[in-house]
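Note sheet for the following structure.
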Amino acid sequence: RLDIALNNARARGLSLMYYQSGQDESHQRELTIIRDLPLALKSGQFSVVFQPKVDIQQQRCVAAEALIRWQHPQLGFISPMEFILLAERSGNISMISHWMLKAVIGQLASWQQQHPQLAVAVNLSAADLLDDSLPGRILGWLAEAGVSVTALTLEVTESAVMQDTGKVVANLQQLKAAGIKLAIDDFGTGQSSLAYLKNLPVHELKIDRAFIKDIEHNTQDALIVQATAQLAMGLGLSVTAEGLENQAGLSRVLAAGCQQVQGYYFAKPLAAADFSLWLQQFATDNQRFFTTMVLAP
Ligand code: C2E
Ligand code: MG
Ligand code: MG
Ligand code: MG
């Protein structure tokens, strides 16, 4: 009998979870994703896309962010917003990070002639920063591929660098000493402050899209972005506005003092070949992004 079983379970201090059918389905999906991840990495279901980071002061593009994509044979496209979290929880994130780093370093190697100035950023998770072996591995992969350390940037969130352990700082220091740059991702959404970040070897601050998406209408957002950018620049950090989608916002982020912009306004994340074409086109035809529209009287 169910009620007896439940009472027995409670008596033994067990807590029971109830799944409704909808929850059960999403639970099943999570299990499938976690189960399939390791093999999917080995069987070509993952790919990398690149999104330009444009220097809006110099009107040039010399950097990009690499973002992972998963095309699952049954589930179709799975967003990294969904599977990165599950990989973190199931202890599989380092596999993904290693795969990404190797894929991006390989791509950088083949872009050396065509795009010698290009730096690409790879996202790392909190667990990666606790791994003492990661800095050495990264430097090894770069050396093997003949890629300069200056071509690689690492992006980590505020909460990842805020982990209260000396390990994180030691690993970041080792990477910095080797010449690899560090960006703080999604800045403004976490609990950290610029006062805390000044003690870390940070090179770039990426202001979260939450503050950028309505910047042309929202005066408060504009003020927050401006104050953050001024302070960050005062501390010697480069400032990137994330997720800019339109030209009206561009004038605002420029006025706020942001140096770089990453967002759909310039380009969506693109497959390697398309990104390379975009870079070439942008180098000759970037004016159309910056000319402010003149309205007829
Ligand atoms: P993120 O690192 O903050 O990356 C920026 C996200 O914003 C990307 O979503 C990008 O496609 C999206 N984005 C860029 N411009 C715009 C815009 O103008 N409008 C809007 N609405 N969105 C824009 P994506 O690729 O879905 O990635 C989501 C998150 O998943 C990333 O946020 C990052 O936290 C994580 N992620 C992606 N790839 C990796 C990876 O290789 N490793 C790890 N650890 N995390 C990753
Ligand atoms: Mg990022
Ligand atoms: Mg971000
Ligand atoms: Mg984000």
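Both ligands and their constituent atoms are indexed starting at 1 by order of listing. For the single chain, residues carry numbers from 1 onward in sequence order. Heavy-atom basis, side chains included; hydrogens, waters and symmetry copies ignored.
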Compute the shortest N/O to N/O distance between P269 and ligand 1 and return yes if it is under 3.5 Å, no if not.
no
Is it the case that atom CD in Q287 sees more than 12 heavy atoms from other parts of the structure closer than 6.0 Å?
yes
Within the side chain of E242, is there an N or O that forms a donor-acceptor pair under 3.5 Å with the backbone of I212?
no
E65 near ligand 1, heavy-atom distance under 4.0 Å?
yes
Which ligand 1 atoms are under 4.0 Å away from a heavy-atom of Q51?
14 (C), 15 (N)
At under 4.0 Å between heavy atoms, is it the side chain or the backbone of I84 that contacts ligand 1, or both, or neither?
side chain
Would a hydrophobic clustering, with Ile, Leu, Val, Met, Phe, Trp and Tyr connected at side-chain separations under 4.5 Å, put L130 with L182?
yes
Taking NZ, NE, NH1 and NH2 as the nitrogens, is one of them in E155 or K53 under 4.0 Å from a carboxylate oxygen of the other?
yes
With ring centroids as reference points, do F282 and F289 lie under 6.0 angstrom apart?
yes
Determine whether a donor-acceptor pair (N or O, by modelled atom type, separation under 3.5 Å) exists between the side chain of Q45 and the backbone of L37.
no
Can you tell me if E242 has an N, O or S atom under 2.8 Å away from the Mg ion (ligand 3)?
yes
Please verify whether a non-hydrogen atom of K206 lies at under 4.0 Å from ligand 1.
no
Side chains of E65 and Q51 only: does a donor on one sit below 3.5 Å from an acceptor on the other?
no
I'd like to know whether ligand 1 has K213 as a neighbour, heavy-atom separation below 4.0 Å.
no
How does K268 reach ligand 1, if at all, at less than 4.0 Å between non-hydrogen atoms: by side chain, backbone, both, or neither?
neither
Could you check whether T240 and E204, counting side-chain N and O atoms only, form a donor-acceptor pair closer than 3.5 Å?
yes
Got an N/O contact under 3.5 Å between Q262 and ligand 1?
no
Report whether any nitrogen, oxygen or sulfur of E155 sits less than 2.8 Å from the Mg ion (ligand 3) (N, O or S, backbone or side chain).
no
Cut-off 3.5 Å, side chains only: do S125 and E88 have a donor facing an acceptor?
yes
Just checking, is any N or O donor in the side chain of Q74 or D36 under 3.5 Å from an acceptor N or O on the other one?
no
For the Mg ion (ligand 3), the closest N/O/S atom belonging to D186:
OD1
The atom of D185 among N, O or S that is nearest the Mg ion (ligand 2) is OD2
Can you list the ligand 1 atoms lying under 4.0 Å from a non-hydrogen atom of S125?
44 (N)
Here the atoms of ligand 1 under 4.0 Å from any heavy atom belonging to G243 are 15 (N), 16 (C), 17 (C), 18 (O)
Measuring from the Mg ion (ligand 2), name the closest N, O or S atom belonging to E65.
OE2
Which of the ligand 1 atoms, numbered from 1, are nearer than 4.0 Å to a heavy atom of D185:
1 (P), 2 (O), 3 (O)
I'd like to know if D186 and K206 make a salt bridge, using a cut-off of under 4.0 Å between side-chain N and carboxylate O.
no
From atom 17 (C) of ligand 1, work out which of W70, Y264, W99, F46 has a heavy atom at the shortest distance.
Y264
Whether the side chain of D214 engages the backbone of H217 through a donor-acceptor N/O pair (distance < 3.5 Å, no angle test) should be reported.
no
Do the side chains of L152 and L101 get nearer than 4.5 Å, heavy atoms only?
yes
Residue M81 vicinity, atoms of ligand 1 by number, heavy atom under 4.0 Å:
28 (C)
List every atom of ligand 1 that sits less than 4.0 Å from any heavy atom of L244, numbering the atoms from 1 in the order shown and giving each element.
18 (O)
Consider every N or O of D186 and every N or O of ligand 1, then say whether any pair is closer than 3.5 Å.
yes
Quick one: look at V122 and ligand 1, take heavy-atom pairs under 4.0 Å, and tell me if it's side chain, backbone, both or neither.
neither
Applying side-chain contact (heavy atoms from CB on, under 4.5 Å) between V156 and each of V168, L124, D185, report the one that passes.
L124
Please list, in number order, the atoms of ligand 1 under 4.0 Å from a heavy atom of E242.
3 (O)
Show me which atoms of ligand 1 lie under 4.0 Å from any heavy atom of M100.
41 (O)
